[in-house]
S.K.: 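The structure under discussion is supplied below as structure tokens; questions concerning it will follow.
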Amino acid sequence: MSARVSNLATWAVVLALLFAVPSVVGFDGALINIAVVIAINAILAFSLGILFGYAGQMSLAHAAFYGIGAYTAANIALKWGVSFWWCLPIAALAAMLVAAILSIVVTRMEGIVFSLGTYAVGEMIRLVFVNWWQVTGGPQGLSFQRRPESIFGLDFTTRGSFYYVVAAILVLSYLGIRKLMKSKLGWWFVALRENPVLAQSLGINVHLAKAIVFILSAGLAGVVGVLYLYNFRHISPEAFSVWESILLILIVMIGGVGTMAGPIIGAAVFLVLPEVLRLPPTVQPVLIGVVLILVVVLLPRGVVGTFEDWWKARRIKGQAVPKEAA
Amino acid sequence: MTDLIQQLINGLLIGGLYALVALGISLVFGLTGMVNFAHGEVVMLGGYLTFTLTQSFGMPFLGSLVGSLLAGGLLGFAMDRTTFRYTRGTPMNGLVISLGLIMIFQSLAMTIWGTEPLTMDVLFPGAFQQWGLSLSIQKAITLVVTAVLIAGFGLFLVKSRAGRALRALAQEPEAAVYVGIPVERYIALSMVIGTALAAAAGAMFAALFSITPFVGTSLTAKGFIVVALGGMGSAAGTIAGGLLLGVMEALGAGYISAAFTDAYGLLLFLLVLSFKPAGLFGVSGRVKL
Amino acid sequence: MQRVVQRTIGVVLAALALGISSTGVQAQNVIKIGAPFSLSGPFASFGQAGSAGVEMAVEELNRRGGITIGNTKYTVQMISEDTRSQVADTVSIMERLTREQKVAAVFGPIVGVLSTPGQEVTQAAKTIHFGPAVQWNALMGRPDKKYLVHTQVDDDLRYGAFVPLLVRETKIKSIALLGVNDATARSIMPKVAALMQKEGVKVVAEEYFERTTTDFSPFLTRIRSQKPDMLFFGYGDNFAVSILRQGVELNVAPHYSAFAGTSLTVPMQQALGKPVDSFIGMVANENLLQPLHDDVTKWIAAYKAKYNKDPAGTTDWAFSMYDYVFIWARAVQQAGTFTDSDKVIEKIRNTNYKGVLNIKIDGRGQADHDYDVGIIRNGKLTWQHVNVIK
Amino acid sequence: MLAIDRLSGGYRGGSVLFDVSLSVGAGEIVALIGPNGAGKTSVLRAISRTLPQSRGAISLNGEDIMRRTGHQVVALGVAHVPEGRRVFPRLTVRDNIALGAFVLDDHAKTAEAVANATDVFPALKSRLEQLAGTLSGGEQQMLALARGFVSNPKLMLLDEPSLGLSPRMTDEVFALIERLRTGGRSILLVEQNAILALEIADRGYVIEGGRIVTEGRSDELRRAELLQQSYLGHAG
């Protein structure tokens with residue numbers, strides 16, 4: 001079996017599994033909601049993954065950009081009746097625009113200072129959400145009762161059908177990021193993470209590369225903001241706070257930094273684990289905390305990263321025959 | 001004019017507390033490169049402990065403060081030995097661990113003390129009133145204790161053998177090994193000192209204001225801002241950064257609008273770091289403490 | 001961070017609720033009501049009280065024999081949910097309650113930030129929804145909000161009585177207003193300011209602060225320079241004690257402070273014996289410190305017996321829910337149905353009910369009831385009962 | 001004094017040392033020479049236990065130190081003067097020297113040791129209160145040597161002491177190194193400048209690609225034609 005066929009087969013299985021979810025858990029109800037939330041978080045973690053996993057920049061402003069996407073969509077949809085499908089690119093552009101302006105300041109920062117700079121940015125954007133009443137509805141937020149419009153004769157008003165929209169964006173963003181990472185730009189990003197000084201000496205414009213990553217990841221976050229809006233039908237500032245960004249970093253790290261499957265696994269682990277544990281609300285966070293700590297101590301490279309290491313080690317051991325002969 | 005002086009006093013008071021919180025962050029970050037978000041939770045626990053010691057056990061305030069300080073140090077030691085020491089090679093994992101610790105500590109605090117803000121009885125009634133200025137005795141005590149702790153910490157760093165070893169370790173970690181400094185022990189020591197100061201800050205915080213299980217997170221964020229503002233790993237810079245942030249917030253909230261209190265410090269931070277990425281007192285490169 | 005904690009708890013509870021709903025025996029003669037409250041998170045103190053109020057009422061109701069429709073006796077089942085003080089969770093919970101549990105009515109949450117988005121769901125699902133949020137004032141009477149019952153006295157009415165009383169008692173000439181930067185304070189404060197001006201009192205400052213504020217001294221210092229006769233720092237129960245203390249320390253408005261809120265008993269208790277010359281405050285419902293009515297005394301005894309603790313300031317919110325369970329039950333019995341919300345809501349509107357509180361509900365579903373005002377002078381606390389129901 | 005037997009090891013990225021064996025006798029100066037990246041520094045790090053991974057055997061005076069940590073090795077009488085001096089730049093010269101005596105853990109003894117050290121390194125005497133970061137390169141090297149010497153070690157590991165120094169300063173430093181061997185002190189000297197190193201060394205090892213390729217007495221090594229071509233040429 002050639003690598004190409006096995007790759008296609010893997011894709012077929014993954015797509016079939018994704019497609020089958022609503023049939024298994026039902027088109028309406030709490031379970032499909034959890035599936036949607038996992039998928040939304042996975043896309044968010046992807047978009048953060050470009051920045052954090054591949055380019056090594058830990059941004060704490062990420063949730064703020066997804067907030068900008070959500071508020072933009074809510075405003076243009078409520079005021080001018082812009083459809084869901086147009087909201088997606090417009091929200092992305094809005095988030096990218098703000099990110100582009102802010103990138104002038106934050107790309108000058110490095111490492112932990114970058115994180116703190118993005119913290120400051122994220123927190124100030126949240127304060128704007130809280131205080132710009134006319135647009136954001138203030139601390140109370142905005143209610144939003146619209147559903148995605150039909151397209152190609154397909155109806156997207158139920159949770160199950162909305163799930164397909166989210167899943168499709170999940171797959172598309174996965175493919176998009178993979179393509180991006182294999183491009184020259186992707187190589188820049190990795191160089192940026194591994195050795196910024198060396199990257200600079202190789203003629204990579206570090207500021208520009210950083211700005212591009214920052215803006216692209218903000219754009220994808222903006223798209224997720226629209227999904228959040230249409231799923232929860234209410235947005236308020238606290239959903240886009242810095243702590244939300246930290247939760248995302250947690251998801252990326254639990255899954256494994258710098259891997260593609262990591263964010264999905266991380267989101268699933270983080271959202272499903274509590275369900276499996278099923279404990280009273282006072283004990284639950286304590287246990288989650290303990291599990292988090294144990295995961296980090298025992299699997300320092302995250303779930304997926306550790307699995308990769310183990311898989312590689314196994315293959316090297318088992319491979320007596322050189323690769324060409326196989 | 002009177003108001004301005006009053007505002008400066010307000011700012012220096014809260015800024016001193018910020019500096020106390022930030023010193024521990026600066027110390028641990030300088031030695032290990034680790035971002036410990038759970039640092040603020042020690043402030044919170046220190047505050048609650050002081051609350052319980054004074055309100056329920058009738059201990060005098062300064063006694064409770066020392067008790068919190070010691071307990072904070074012990075907690076820091078326990079955190080380092082049970083968790084953080086496994087992340088020396090990958091400081092980023094220390095961040096995840098600290099988030100786990102936040103969950104545990106917040107949940108514990110909610111269980112023990114509830115979610116409603118707790119306010120201590122006025123321990124030292126009365127205030128100094130002069131030239132239209134007023135300074136409550138509690139605040140005066142806070143100023144003095146903060147100054148003593150900061151000065152003590154500074155003396156420790158500069159004068160003591162252990163302090164010199166800590167600075168050496170931060171400046172040249174490999175060379176520190178070659179002169180025989182037991183690195184692990186000293187990292188644990190830095191954790192102990194940092195959390196002890198944080199718990200003491202928490203004690204004073206609880207006596208001045210009110211305390212909830214959620215105060216720690218915003219204090220951690222402020223602490224990191226202070227550290228970056230002053231210059232990563234520079235103790236003097238951290239102290240200056242803390243005072244500056246406090247004064248900035250007080251002036252902003254006092255003269256512009258209270259709705260953006262947190263934003264003034266953040267704006268200052270972004271401005272400073274845009275023009276001086278190493279911070280106000282930071283020296284670029286590896287020079288620390 | 002609390003959001004992370006809460007979310008994790010949230011998913012568990014959702015799962016638990018799901019497990020219960022799928023495995024639980026669907027008893028024949030049960031009417032379900034939803035009780036989504038903030039059992040955890042920053043609003044937990046309000047939510048726990050509200051939830052306790054519903055719980056006490058449901059137990060009492062079932063002890064009295066439940067609800068009889070025709071010849072069938074029904075017991076009432078309370079579906080308790082934790083919103084974790086989060087909007088997203090509240091909305092999902094509302095959807096679950098109305099769509100899956102098909103509850104006959106929803107009680108709560110207390111805080112408007114949560115119940116306002118929550119009512120969007122209940123009103124679309126035609127489910128009767130009781131709540132005390134200030135933000136609901138603007139919704140009452142709208143045709144698309146037919147199934148809302150606002151359980152808190154209308155602000156115009158409430159402050160319309162409170163402000164003149166306050167001015168009459170203190171003879172102040174100027175006032176400074178201070179509120180937390182949220183929807184509730186942003187709605188109340190301008191009303192108070194207008195009423196004050198009508199009484200001839202000058203409003204020298206109107207300030208809103210961030211919810212995370214602990215040190216109030218910077219803007220208290222600024223307010224001090226305006227030399228107001230009175231500092232009015234309500235609503236915002238969580239901050240009351242801190243503001244009162246810091247205000248006294250800085251000598252802002254040396255003579256009078258005023259506060260309007262629910263957990264007024266706490267600042268009252270803390271202020272007693274402290275150097276507060278004069279302090280005036282309003283509780284949303286009834287004061288629990290020195291009950292003025294036997295019904296309240298009895299209710300407190302029942303509360304103590306059930307929860308084995310003294311009522312706290314926020315316990316006042318339990319009232320806000322307790323009586324309304326009975327009002328709903330009476331309406332269901334009168335309407336002869338619990339599934340037809342249109343018929344039930346007709347029986348709720350334009351009625352009076354004498355429970356722990358003396359309640360009157362108008363044609364829009366807006367409730368009016370009496371409340372208490374407390375005054376501290378020279379360390380001595382006295383109470384006045386304000387009659388809203390004429 | 002020091003015996004290394006078939007030492008291998010390296011960093012997380014991969015191994016850099018392969019079956020390295022060498023020894024240093026009491027009172028001996030041994031040079032370890034080789035091109036850049038040959039693994040010279042890694043050998044010293046393995047002895048000081050700061051190389052992340054290592055296998056094989058290292059013993060000091062017959063005592064196995066493979067399971068010791070960095071500061072324990074120092075306590076056994078090893079002083080490592082790292083490449084690039086690595087003085088503590090924001091501490092005074094006095095504090096730098098005093099930290100060298102860290103293992104003594106005694107205030108009076110430390111003061112005495114600092115006084116002794118300044119006798120051996122008189123150039124530092126006038127600069128005791130200056131911040132180490134403000135010293136010149138040669139002075140910093142002196143300070144690094146003094147910091148290593150002050151604990152009165154039995155074995156000194158010197159990593160590229162001539163790096164970045166002027167020829168005059170280099171001569172001065174090497175003259176000092178010769179004097180450090182007094183009292184039976186052993187020295188393992190890592191140098192790229194092979195001619196200089198072999199001038200003061202008794203014996204030498206040549207390391208290349210992480211493996212010892214040649215060893216012998218200094219004069220033999222200096223005469224070896226191969227060596228002449230491959231290394232001494234650069235240095236000469």
Side-chain angles (χ1 to χ4, degrees), chain A residues 52 56 58 60 102 104-128 130-131 138-139 241-243 246-247 249-254 257 266 280-302, chain B residues 29 33-35 37-38 79 82-87 89-108 110-112 214 217-218 221 224-229 231-232 257 259-271 273-279 282:
Chain A
F52 176 49
M58 194 178 93
L60 297 179
L102 291 171
I104 300 168
V105 178
V106 296
T107 52
R108 300 164 65 103
M109 300 172 177
E110 305 255 324
I112 178 71
V113 178
F114 174 84
S115 299
L116 290 169
T118 49
Y119 165 85
V121 165
E123 188 63 11
M124 290 200 320
I125 293 177
R126 188 190 66 82
L127 282 171
V128 170
V130 171
N131 288 296
S241 71
V242 164
W243 296 108
I246 288 177
L247 172 78
I249 289 170
L250 222 54
I251 286 177
V252 175
M253 291 199 65
I254 290 293
V257 179
T282 43
V283 185
Q284 185 73 33
V286 175
L287 216 88
I288 298 283
V290 170
V291 170
L292 259 184
I293 292 169
L294 285 179
V295 166
V296 171
V297 170
L298 301 176
L299 312 174
R301 295 230 307 122
Chain B
F29 182 81
M34 188 189 72
V35 171
F37 270 125
M79 282 198 287
T82 54
T83 58
F84 289 128
R85 72 166 159 150
Y86 299 107
T87 66
T90 44
M92 212 47 119
N93 282 351
L95 171 77
V96 181
I97 283 190
S98 67
L99 295 177
L101 289 172
I102 290 178
M103 289 188 184
I104 295 171
F105 291 149
Q106 279 193 1
S107 188
L108 277 178
M110 279 192 255
T111 312
I112 300 173
F214 313 116
T217 45
S218 81
F224 273 104
I225 295 284
V226 162
V227 172
L229 198 58
M232 279 292 168
S257 158
F260 290 96
T261 305
D262 288 341
Y264 306 117
L266 298 175
L267 206 61
L268 172 79
F269 167 80
L270 279 181
L271 278 177
L273 272 287
S274 297
F275 292 105
K276 235 176 157 286

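Proteins get letters first, then strands, A, B, ... in listed order; numbering begins at 1 in each. Just so we're clear, the structure is a prediction, and the values are computed from it rather than from any experiment.
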S.K.: Are the side chain of B:S107 and the backbone of B:I104 linked by a donor-acceptor contact shorter than 3.5 Å?
M.R.: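 Here the side-chain-to-backbone pair does not exist.
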S.K.: Quick check on A:I249 against chain B: is it the side chain, the backbone, both or neither that has a heavy atom closer than 4.5 Å?
M.R.: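 It is the side chain, since no backbone atom gets that close.
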S.K.: What's the shortest heavy-atom distance between B:L229 and B:L273, and which atoms?
M.R.: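 Looks like CA-CD2, 4.2 Å.
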S.K.: What is the distance from atom CZ of A:F114 to atom OG1 of A:T107, rounded to the nearest 0.5 Å?
M.R.: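 Here the interatomic distance stands at 8.0 Å.
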S.K.: May I ask you to check whether B:F224 and B:F29 place their ring centres under 6.0 Å from each other?
M.R.: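 Centroid distance B:F29-B:F224: not below 6.0 Å, so no.
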S.K.: So what's closer than 4.5 Å to chain A heavy atoms on B:F105: side chain, backbone, both or neither?
M.R.: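 Contact with chain A: none, neither part.
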S.K.: Heavy-atom distance under 4.5 Å to chain A: side chain of B:F269, backbone, both or neither?
M.R.: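 Side chain only.
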S.K.: Among B:L267, B:T82, B:L266, which residue forms the greatest number of heavy-atom pairs with chain A at distances under 4.5 Å?
M.R.: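 It is B:L266.
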S.K.: Using heavy-atom distances under 4.5 Å, tell me whether A:V290 contacts chain B through its side chain, its backbone, both, or neither.
M.R.: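 Interface part for A:V290: both.
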S.K.: Can you tell me how far apart CG (A:L60) and OG1 (A:T118) are? Round to the nearest 0.5 Å.
M.R.: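 Output value for this atom pair is 4.5 Å.
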